[in-house]
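Take a look at the structure set out below.
Indexing begins at 1, ligand by ligand and atom by atom, following the structure's order. Just so you know, these numbers use all the heavy atoms, side chains as well, and skip hydrogens, waters and symmetry mates. None of these values were measured; they are calculated from a predicted model.
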Amino acid sequence: MQSKLPHIGTSIFTVMSQLAVQHKAINLGQGFPDFPMSAQLIECVHQAMKDGSNQYAHTYGVPLLRERLAEKIRYLYQTNIHPDTEITVTPGGTYAIFSAFSTIIQPGDEVIIFEPAYDSYIPNITFNGGIVVPIELEFPTYSIPWEKVKAAITPKTKAILVNTPHNPTGRVFTKEDILQLQDIVLQHHLYLISDEVYEHLIYDDKQHETVMKYPDLFARSFVCFSFGKTYHCTGWKLGYCVAPEALMKEYRKIHQFNAFSCDTPKQIGIANYMTHQEAYLNIGLMYQEKRDLLRDLLKDTPLVRIPSSGSYFESYRYDSISNESDKVFAEKLVKEYGIATIPMSAFYMNGTDHKVIRLCFAKKTETLEAAAACLQKLHA
Ligand SMILES: Cc1ncc(COP(=O)(O)O)c(C=O)c1O
């Protein structure tokens with residue numbers, strides 16, 4: 001059979017997680033919390049099941065959930081989103097993004113992405129017949145080189161994908177970033193896919209710059225979210241996309257014949273639980289404490305952090321102690337030091353290697369302490 005994705009192999013997350021199991025290593029590689037989610041939210045889902053809500057949900061998502069999401073967006077971002085026409089619940093954030101690409105890409109369209117990049121974007125674009133135009137973020141600040149973005153636009157450019165807070169670097173958009181983005185999108189009549197799955201995981205008093213706050217930009221955007229990140233249940237694979245009605249109409253044509261609808265009891269459970277605003281309002285502080293704990297534990301190691309202001313992740317340079325490639329270094333960490341991380345080059349199409357590893361701090365204190373004990377054995 002002719003492969004539709006000939007260049008795609010096993011993802012680095014699978015490789016590192018398998019190595020972690022094989023070597024009984026502590027896993028700070030893949031991004032998922034190792035602490036329990038809310039028992040109350042589980043109870044809300046259980047209740048929905050016991051109440052008999054176990055059949056297909058509305059194809060756009062349980063209406064109460066869409067209403068609650070619209071209320072939340074109004075409360076947090078002072079933006080009116082119509083729950084009937086502008087929100088679609090999806091089986092996870094990745095699916096929400098994939099469907100946005102499928103909605104807009106015609107064969108030969110160019111899509112600009114920034115590297116390092118979350119691993120699903122490139123295969124999503126290629127699979128839909130698009131051409132990936134990668135632009136590297138400035139190293140080591142990981143800021144966006146806006147002049148390079150302008151220079152990369154051609155008559156074939158169809159869309160830009162942005163991600164804030166950013167996986168893998170933890171960088172968050174400034175207002176200046178979003179205004180630059182808006183100018184480019186509007187001037188060249190592009191579409192925007194905005195991956196905002198880490199909207200609440202933002203630190204140091206920074207504010208999340210959602211595209212939804214900018215009406216002209218939002219008019220050309222698909223904004224994607226994940227309940228998994230917000231409620232510490234990545235295994236539930238539930239998310240949603242917010243887009244203006246005209247775009248959402250086309251998006252729903254794709255969704256209707258793909259997933260059609262999502263897990264009913266979980267949607268009802270989350271809708272009922274969403275009245276607990278503190279559940280999402282407090283997580284920024286909770287994760288910031290974890291980030292700071294890891295920082296503190298690693299401060300006497302030769303690893304040099306590249307500051308993160310958001311997401312589950314912080315990156316560290318190891319170039320003061322090794323010239324090895326980041327993949328070789330990460331493998332050595334698993335096999336000899338008992339800790340799994342992700343080599344940053346895995347997030348670049350051409351394997352750009354700045355000798356950086358990504359650590360996930362969405363872990364219990366014990367896990368972070370045990371991980372740090374492994375890394376403290378590294379010597380200059
Ligand atoms: C940047 C980014 N976007 C999207 C996703 C996917 O979210 P979900 O698990 O809801 O599909 C992730 C998950 O790791 C992510 O890091």
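Here Tyr191 sits in one hydrophobic cluster together with Ile97, Phe101, Ile104, Ile105, Val111, Ile113, Tyr118, Tyr121, Ile122, Ile125, Val132, Leu161, Ile193, Phe222, Leu247, Met248, Tyr251, Met349; the rule is ILVMFWY side chains under 4.5 Å apart, joined directly or through other members.
On a distance-only criterion, Tyr198 and ligand 1 share at least one N/O pair closer than 3.5 Å. Geometrically, ligand 1 and Asn167 share a nitrogen or oxygen pair separated by less than 3.5 Å. Considering backbone and side-chain N/O of Phe313, none are found under 3.5 Å from N/O of ligand 1.
Of all heavy-atom pairs spanning Val149 and Ile184, the tightest one is CG1-CD1, 3.9 Å.
Of all protein heavy atoms, the one lying nearest to atom 14 (O) of ligand 1 is Lys229 NZ, 2.7 Å. Counting only heavy atoms of the protein, atom 9 (O) of ligand 1 lies nearest to Lys237 NZ, 3.2 Å. Atom 6 (C) of ligand 1 has as its closest protein heavy atom Thr94 OG1, 3.0 Å. Atom 15 (C) of ligand 1 has as its closest protein heavy atom Tyr118 CE1, 3.5 Å.
Residue Lys72 places its NZ atom among more than 12 non-hydrogen atoms of other residues, nucleotides or ligands, all under 6.0 Å distant.
A cation-pi arrangement is not found for Lys229 relative to Phe32, the charged atom failing to lie both closer than 6.0 Å to the ring centre and inside a 45° cone about the ring normal.
Test Lys206, Arg291, Glu314 against Ser309 for side-chain hydrogen bond (donor to acceptor under 3.5 Å, both in side chains) and you get one pass: Lys206.
Near Gly92, meaning under 4.0 Å from any of its heavy atoms, are these atoms of ligand 1: 10 (O), 11 (O). Near Asn163, meaning under 4.0 Å from any of its heavy atoms, are these atoms of ligand 1: 1 (C). Atoms of ligand 1 lying under 4.0 Å from at least one heavy atom of Asp195, given by number and element, are 1 (C), 2 (C), 3 (N), 4 (C).
Within the 4.0 Å heavy-atom cutoff, Thr234 does not count among the residues contacting ligand 1. Residue contacts with ligand 1 do not include Tyr95, since none of its heavy atoms lies under 4.0 Å from the ligand.
Of the heavy atoms in Val197, only side-chain atoms (C-beta onward) come closer than 4.0 Å to ligand 1. Under 4.0 Å from ligand 1, not a single heavy atom of His166 appears.
The distance between the ring centers of Phe139 and Tyr142 falls below 6.0 angstrom. The ring of His276 has its center no closer than 6.0 angstrom to the ring center of Tyr231.
Between Asp319 and Lys355 there is no salt bridge, since no side-chain N of the basic residue sits under 4.0 Å from a carboxylate O of the acidic one.
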What side-chain donor-acceptor pairs closer than 3.5 Å can you find for residues 79-86, not counting sequence neighbours?
unit_1, atom_1, unit_2, atom_2, d
Thr79, OG1, Tyr77, O, 2.9
Thr79, OG1, Met212, O, 3.2
Asn80, OD1, Arg74, NE, 2.9
His82, ND1, Asp84, N, 3.1
Glu86, OE1, His82, N, 2.7

